[in-house]
Amino acid sequence: MDIQAYISSGKLELFVLGELSVREQEEVMQMAKQYPEIKQELDQIEEAMFAFDNMVGQAPSETVKSKVLDTWDKEVKTTSKKQGSPKEETKVVAMQPWKTYAAAASIVAVVASVFAVYFATCYYDVDEKFTAMVNERSVLAEELDKYKVNYEQTDAQLETLLTGNFERVPMKGDGFEMQKDAQVDVWWDKGAESVFISVNTLNELDENSDYQLWAIGDDGPVGIGLVNAEQKFSLQQMQAVAAAGAFAITIEPKGGSESPTLEKLVVLGPVA
C-alpha cells in the first residue's frame with residue numbers, strides 16, 4: 001500500500017468536505033484506522049480548514065465545530081457497529097457545514113479579487129489621466145510664458161521704433177547667387193546712430209559660419225554685428241552707426257571677420 005499516493009489522491013480533503021459516497025467514507029475511515037499517517041493527515045486538513053474559515057469569514061458556531069470534530073469518532077463507531085452487526089443500519093454524519101463555509105469563503109475570495117482588480121484598474125487609469133493633465137498643463141504654462149516674453153519683447157521693440165526716428169532699409173538677395181529668397185530689414189535712426197536688424201528669410205548656416213552685417217560708408221565696410229538667422233521677425237540690436245550709404249550681409253567664418261568676404265555676399269540694401 002502506497003500511503004503517500006493515497007494521501008495525495010485528494011480523497012482525504014473530499015472526506016472532510018463531505019463530498020464522498022458512503023462507501024468511500026467507510027474506506028477512508030478504515031484506512032485512517034489502519035494507518036496513523038492517514039489519521040494525522042485528516043486531523044491536519046480539519047485544522048487547516050478551521051484556520052482558513054477564521055481568516056476569510058465568520059467562524060462557525062460551536063455546534064458546527066463540535067459536529068465536525070466529532071465526525072471522525074461517530075463514523076468510526078458507526079463503522080464498528082456495522083462490522084459487528086451486519087443488519088444494523090449504517091449511520092453517517094454528513095459534513096455539510098464545511099461544504100457551505102468553504103463555498104462561501106471561495107465566493108467571497110473571488111468577489112474580493114474582482115473588486116480589487118476593478119478598482120486597481122480604475123485607479124491606474126485615473127492616475128494616468130491625471131499625470132497626463134499635469135504634464136499638459138505644465139507644457140501649456142511653459143508655452144504661455146514664452147508667448148508672454150515674446151509679447152513683451154515685441155511690445156518693447158515696437159515702442160523703440162515708434163519713439164525713435166528710424167528709417168527702414170530693405171535688403172534682398174534677388175541679385176545674388178547665394179540666397180535669392182533672402183529678405184532682411186535694417187532699421188536705422190541716424191540721429192541716435194541706433195541700428196536694429198529684422199530677419200524675414202535667411203537660410204540656416206553650418207556650425208562653422210556666421211552671418212555678419214556691414215555698414216558701408218565713405219571709409220569702406222565696417223562690421224557692426226553678427227546676425228542670428230533663427231531669430232526671425234524680431235529686432236536684433238547692432239553696433240552704432242553714424243554714417244552709411246548702404247548695408248550688407250555676408251557669410252563669414254564663425255565669429256565674424258575684419259573685412260567682408262564679397263564672394264559670399266547674401267543681401268545688400270542702399271540707404272534712401
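Everything numeric here is computed off the predicted structure, so don't read it as measured data.
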Quick check for you: to the nearest 0.5 Å, what is the distance between Ile197 atom CD1 and Gln237 atom CD? 12.5 Å
Heavy-atom pair with the smallest gap, counting every atom of Asp189 and Asn165: OD2-N, 3.0 Å
With a 4.5 Å heavy-atom cut-off, do Trp187 and Glu167 have their side chains touching? no
Would you give the length of the straight line joining atom CD of Gln212 to atom CD of Glu258, rounded to the nearest 0.5 angstrom? 8.5 Å
Going by atom types alone, do Tyr6 and Glu27 pair a side-chain donor with an acceptor below 3.5 Å? yes
Smallest heavy-atom separation, Glu193 atom then Trp188 atom, equals CA-NE1, 4.3 Å
Measure from the side-chain N and O atoms of Gln236 to the backbone N and O of Asn228, and report whether any donor-acceptor pair falls under 3.5 Å. yes
Residue pair Ala248 / Leu265: nearest heavy atoms and the distance that separates them: CB-CD1, 3.8 Å
Of the non-hydrogen atoms in Val184 and Ile249, which two are nearest, and what is the gap between them? CG1-CD1, 3.9 Å
Compare every heavy atom of Ala246 with every heavy atom of Leu268, then report the nearest pair and how far apart it is. CD1-CB, 4.3 Å
Reported CD-to-NZ distance for the pair Gln44 and Lys39, which is rounded to 0.5 angstrom: 10.5 Å
Just so I know, are the side chains of Ile251 and Gln179 near enough to count as touching, which here means a heavy-atom distance under 4.5 Å? yes
When clusters are formed by joining ILVMFWY residues with side-chain heavy atoms under 4.5 Å apart, either directly or through shared neighbours, do Leu213 and Leu226 land in the same one? no
Tell me, yes or no, whether the heavy-atom count around Asp2 atom CG, taken from other residues, nucleotides or ligands under 6.0 Å, exceeds 12. yes
Test your reading of the model: is there a side-chain donor-acceptor pair from Ser209 to the backbone of Leu205, 3.5 Å cut-off? no
Give the minimum heavy-atom separation between Ala244 and Val241, together with the two atoms involved. CB-CG1, 3.9 Å
Gap between atom NZ of Lys180 and atom OG1 of Thr201 - 0.5 Å precision: 15.0 Å
Can you tell if the side chain of Val28 reaches within under 4.5 Å of the side chain of Leu12, non-hydrogen atoms only? yes
Report yes if some heavy atom in the side chain of Ile224 is under 4.5 Å from a heavy atom in the side chain of Trp214; otherwise report no. no
Measure from the side-chain N and O atoms of Asp210 to the backbone N and O of Lys254, and report whether any donor-acceptor pair falls under 3.5 Å. no
Working note: Gln239 + Val195, criterion side-chain contact (heavy atoms from CB on, under 4.5 Å); need CA distance, chi angles, decisive distance, verdict. CA-CA 7 Å; Gln239 298 173 17; Val195 178; over 6 Å; no
Thr261 and Glu252: side-chain donor and acceptor closer than 3.5 Å? yes
